[in-house]
Number of protein chains: 2
Amino acid sequence: MLTVGEVAREAGASGSAIRFYERQGLITASRTSGNQRRFGPDAACRVRVARVAQRIGLSVGEIRDLLADLPPEPALTDWQRLHDRLTAEADRRIAELHAALGDIRSGRRLCDL
Amino acid sequence: MLTVGEVAREAGASGSAIRFYERQGLITASRTSGNQRRFGPDAACRVRVARVAQRIGLSVGEIRDLLADLPPEPALTDWQRLHDRLTAEADRRIAELHAALGDIRSGRRLCDL
DNA sequence: CTAAGACTTGAACAATTGTTGAAGTCAAGC
DNA sequence: GCTTGACTTCAACAATTGTTCAAGTCTTAG
């Protein structure tokens with residue numbers, strides 16, 4: 001069982017971020033008799049996935065939904081599904097950026113100047 | 001002199017967003033005797049630029065800095081500078097997304113699974 | 001067992017980007 | 001000049017994604 005700090009170090013996040021992710025349901029924790037969180041061995045992995053998903057542009061709510069379909073010990077198909085969803089979202093986001101670039105290039109129509 | 005609503009319609013933004021952009025210094029306004037805002041003819045254009053810049057991923061603070069260098073009646077070189085900066089930022093963002101995609105593909109190292 | 005230092009907790013705060021709503025202003029018609 | 005309906009104002013609120021800090025917990029050495 002890992003503490004907040006251990007998960008934070010393993011995942012490359014801050015302790016407060018780990019607590020935030022738990023409140024938001026990205027990871028789950030049991031509690032000690034003194035009310036401290038203890039995480040399973042999958043926690044750091046889930047946080048790493050969450051951070052990549054954030055870089056792609058997903059909100060924590062969307063990431064919660066993504067991770068809801070990921071069991072504690074994911075099978076290959078689980079990883080594949082996750083992978084496909086993240087890739088699709090990244091592709092969408094890249095397309096949107098290219099579209100914005102197009103709108104910039106056609107700037108005369110933005111401002112009739 | 002344009003009202004908030006007129007600028008909003010011209011720029012495709014909400015009235016509250018226009019007021020927010022004024023507070024943040026993206027656009028400037030004079031006031032009527034009754035304290036209502038009145039905008040110059042360049043306001044809608046600046047807001048359109050701001051919205052594109054937001055799609056690229058710039059914050060309102062960054063956009064303020066961008067627009068600070070844009071005179072009320074921009075010359076070609078002003079547009080070019082703006083264009084170049086936005087394009088560079090979009091390219092950076094696209095590169096970051098590709099990097100994130102790379103990290104997803106090498107997922108085994110994310111989670112040693 | 002107890003003291004000490006490291007770690008954790010939850011509430012309060014912060015930045016960002018707006019929206020909402022009660023009260024005030026404007027323009028047009030009578 | 002007054003009414004009326006559309007528009008505007010500003011403060012308060014909201015969602016998102018965390019950080020900060022005083023107070024409490026854990027572990028290790030003595």
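Throughout, protein chains are lettered first and strands after them, A, B, ... in sequence-line order, and every chain is numbered starting at 1.
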Distance, rounded to the nearest Å, where A:Leu2 contributes CG and C:dC7 contributes C1'
14 Å

Tell me, please, which residues at least two apart from B:Thr32 pass side-chain contact (heavy atoms from CB on, under 4.5 Å).
B:Gln36, B:Arg38

Could you list the residues that satisfy salt bridge (charged side-chain N to carboxylate O under 4.0 Å, His left out) with A:Arg93, not counting sequence neighbours?
none

Please report the distance, rounded to the nearest Å, between CD1 in A:Ile18 and P in C:dT9.
11 Å

Across the strands shown, which category fits A:Arg31 at heavy-atom distances under 4.0 angstrom: base, sugar-phosphate, nothing?
sugar-phosphate

Nearest-angstrom distance from the residue atom CE of A:Met1 to P of C:dT8
15 Å

By side-chain contact (heavy atoms from CB on, under 4.5 Å), which residues pair with A:Ala99, not counting sequence neighbours?
A:Glu96, B:Arg55

Test: salt bridge (Lys or Arg N to Asp or Glu O under 4.0 Å). Region: residues 56-74 of chain B. Which pairs qualify, not counting sequence neighbours?
B:Asp69-B:Arg85

Does B:Thr3 place a side-chain N or O at less than 4.0 Å from the phosphate oxygens OP1/OP2 of D:dT8?
yes

With B for base contact, S for sugar-phosphate-only contact and - for none (protein heavy atoms under 4.0 Å), nucleotides 12-25 of chain D reads -----BBBB---BB

Across all chains, not counting sequence neighbours, the side-chain contact (heavy atoms from CB on, under 4.5 Å) partners of A:Glu6 are A:Leu2, A:Thr3, A:Arg9

Qualifying residue for side-chain contact (heavy atoms from CB on, under 4.5 Å) with A:Tyr21, from A:Leu67, A:Ile63, A:Val47
A:Val47

Can a side chain N or O of B:Arg37 be found less than 4.0 Å away from OP1 or OP2 on D:dT9?
yes

Please list, in numerical order, the residues of residues 85-96 of chain A that have a heavy atom closer than 4.0 Å to any atom of DNA chain D.
none

Which residues pass the side-chain contact (heavy atoms from CB on, under 4.5 Å) test with A:Asp84, sequence neighbours left out?
A:Gln80

Under the salt bridge (charged side-chain N to carboxylate O under 4.0 Å, His left out) rule, collect the residues that match up with A:Arg31, sequence neighbours excluded.
A:Glu22

